[in-house]
Colleague: 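I have a structure here, written as structure tokens, and I will follow up with some questions on it.
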Protein chains: 2
Amino acid sequence: MQIGELAAKTGTTPRALRHYEQAGLITSERAANGYRVYDTGAAVRVRNIRHLLDAGLTLDDVRVFLPCLDGDVTAGPASATALRVAAERLAVMDARIAAQVAVRDRLATVLSQATGTHMRPVA
Amino acid sequence: MQIGELAAKTGTTPRALRHYEQAGLITSERAANGYRVYDTGAAVRVRNIRHLLDAGLTLDDVRVFLPCLDGDVTAGPASATALRVAAERLAVMDARIAAQVAVRDRLATVLSQATGTHMRPVA
DNA sequence: TCCGACCTTGACGCCGGTGTCAAGGTCAAG
DNA sequence: CTTGACCTTGACACCGGCGTCAAGGTCGGA
């Protein structure tokens, strides 16, 4: 499998895949002509990477999870470091969300007082 | 009060304050020598701006809230236009918050699968 | 043989908020 | 007068995750 096909399979782009490789998240064999060649397992790995990135982790964060990323995301005894990183990110996100909800609620309060309309709280 | 003092009072930097001014978030008088001069209310205003930024809003977002930001964050005179704008922003914020909550929950899921520990949902 | 679709590396662009350096003006204290 | 701490504007640097263009090599099919 070469890079374009892997990109299509995983819903990313060749550019992103090269970027992941350069960041040390994936590896590739090289054909005689210099083209990258991936084995079938690469698709799972890339999808896992995407899940973590979509979950708000950085590439550096994801690298920490690599040891337990070769199977499915659901598998693998996560390393202590990996868990710590994830927990930290989670805490940051919770704090940020809470702050935004607070702002949102203040704004909703002002609006409801001014308009008399009830604004439903955040989901 | 000049810029260094305001920065110290609000826990920011002169650079940031100039940036806020250039973004139209704060204003300043000028002394004869060209130095920026702030009145005492500026500190409250800047702290409110910081709160909103820390909540993940952008400078553009913050600008929208300026009309009801001159007193405390909790106060709001709210002109008709301001209300309409505020309602729009509220929808945007709700969408943004929902997206972040979704991301957060994905991360929490990954984490809980890895640890076997149940993480409580976002407040 | 030649086109077009694929691949390669390298490098610059973007967004947002700020750090930081440059090259000065201003002012109070010694 | 000099020093040094403050201020001014302007502009480039940075992070992260790519997009995108450049300039080329490598295929397979008509």
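Numbers restart at 1 for each chain; the letters A, B, ... are given by sequence-line order, proteins then strands.
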Colleague: Do R18(B) and dT9(D) share a donor-acceptor pair, side chain to base, under 3.5 Å?
Modeller: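 Absent.
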Colleague: Any idea which heavy atoms bring R104(A) and D94(B) closest together, and the distance?
Modeller: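 Answer, listing the atom of R104(A) first, then D94(B): NE-OD1, 2.6 Å.
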Colleague: Can you tell me the distance, in whole Å, between the NE2 atom of H19(B) and the P atom of dC14(D)?
Modeller: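 One finds 18 Å between P of dC14(D) and NE2 of H19(B), rounded.
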Colleague: Looking at N33(A), does any N or O in its side chain come under 4.0 Å of the phosphate oxygens OP1/OP2 on dG25(D)?
Modeller: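 Answer is no, no contact under 4.0 Å.
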Colleague: For a 4.5 angstrom cut-off between non-hydrogen side-chain atoms, does L53(B) reach Y20(B)?
Modeller: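 Heavy-atom side-chain distance check passes, below 4.5 Å.
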Colleague: Please give me the minimum heavy-atom distance between L25(A) and I49(A), naming the atom from each residue.
Modeller: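 So the two residues come closest at CB-CD1, 3.8 Å.
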Colleague: Nearest whole angstrom, please: distance from the P of dG16(C) to the CG of L25(B).
Modeller: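 My rounded result for the distance is 13 Å.
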Colleague: Rounded to the nearest angstrom, tell me the gap between atom CD1 in I3(B) and atom P in dC27(C).
Modeller: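 The answer, rounded to whole Å, is 17 Å.
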Colleague: Are E21(B) and S28(B) linked by a side-chain donor-acceptor pair shorter than 3.5 Å?
Modeller: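 Yes, S28(B) and E21(B) have a side-chain donor paired with an acceptor closer than 3.5 Å.
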Colleague: Taking CZ from R30(A) and C1' from dT9(C), how many angstroms apart are they, rounded to a whole number?
Modeller: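 Between C1' of dT9(C) and CZ of R30(A): 9 Å.
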Colleague: Hey, which sits more toward the 5' end of DNA chain C by its nearest nucleotide, R15(B) or D60(B)?
Modeller: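 Looking at the nearest nucleotide for each, D60(B) comes out on the 5' side.
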Colleague: Under 3.5 Å, sequence neighbours excluded: what are the donor-acceptor pairs made by side chains of residues 54-62 of chain A?
Modeller:
unit_1 : atom_1 : unit_2 : atom_2 : d
D54(A) : OD1    : R50(A) : NH2    : 2.9
T58(A) : OG1    : D60(A) : N      : 3.4
T58(A) : OG1    : D61(A) : N      : 3.1
T58(A) : OG1    : D61(A) : OD2    : 3.2
D60(A) : OD1    : R63(A) : NH2    : 2.3
D61(A) : OD2    : T58(A) : N      : 3.1

Colleague: Using the closest heavy atom to pick a nucleotide of DNA chain D for each, name whichever of A16(A) or Y35(A) lands nearer the 5' end.
Modeller: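 By nearest-heavy-atom nucleotide position, the 5'-most residue is A16(A).
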Colleague: Using five base pairs at each end to define the local axes, how bent is the helix from dT1(C)-dA30(D) to dG30(C)-dC1(D), to the nearest 10°?
Modeller: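 About 30° separates the two local helix axes.
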Colleague: Would you kindly compare A32(B) and L53(B) by the position of their nearest DNA chain C nucleotide and give the one closer to the 5′ end?
Modeller: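 Looking at the nearest nucleotide for each, L53(B) comes out on the 5' side.
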Colleague: With a 3.5 Å cut-off and heavy atoms only, can you find an N or O donor on one side and an acceptor on the other between the side chain of R36(A) and the base of dT8(C)?
Modeller: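 Such a pair does not exist between side chain and base.
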Colleague: Take the protein atom OH of Y38(B) and the nucleotide atom P of dC6(D), then report the distance between them rounded to whole Å.
Modeller: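 Nearest whole value for this atom pair: 16 Å.
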Colleague: For the pair made of OH in Y20(B) and C1' in dG19(C), what is the distance, rounded to whole Å?
Modeller: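 It works out to 13 Å between those atoms.
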Colleague: Taking side-chain contact (heavy atoms from CB on, under 4.5 Å) as the definition, give me every residue that meets it alongside R18(B), ordered by chain and number, with sequence neighbours left out.
Modeller: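 In terms of side-chain contact (heavy atoms from CB on, under 4.5 Å), with neighbours along the sequence ignored, R18(B) is linked to I3(B), P14(B), R36(B).
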Colleague: With respect to the phosphate group of dC18(D), does any side-chain polar atom (N or O) of T13(A) fall under 4.0 Å of OP1 or OP2?
Modeller: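 Answer is no, no contact under 4.0 Å.
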Colleague: Backbone N or O of A108(B) within a donor-acceptor pair of the D105(B) side chain at under 3.5 Å?
Modeller: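 No, D105(B) side chain to A108(B) backbone: no donor-acceptor pair under 3.5 Å.
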Colleague: Let me know the distance between CG of L52(B) and P of dG17(C), rounded to the nearest Å.
Modeller: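 About 12 Å, once rounded to whole Å.
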Colleague: In whole angstroms, how far is the P atom of dT8(C) from the CD atom of Q2(A)?
Modeller: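 So the two atoms are 8 Å apart, to the nearest Å.
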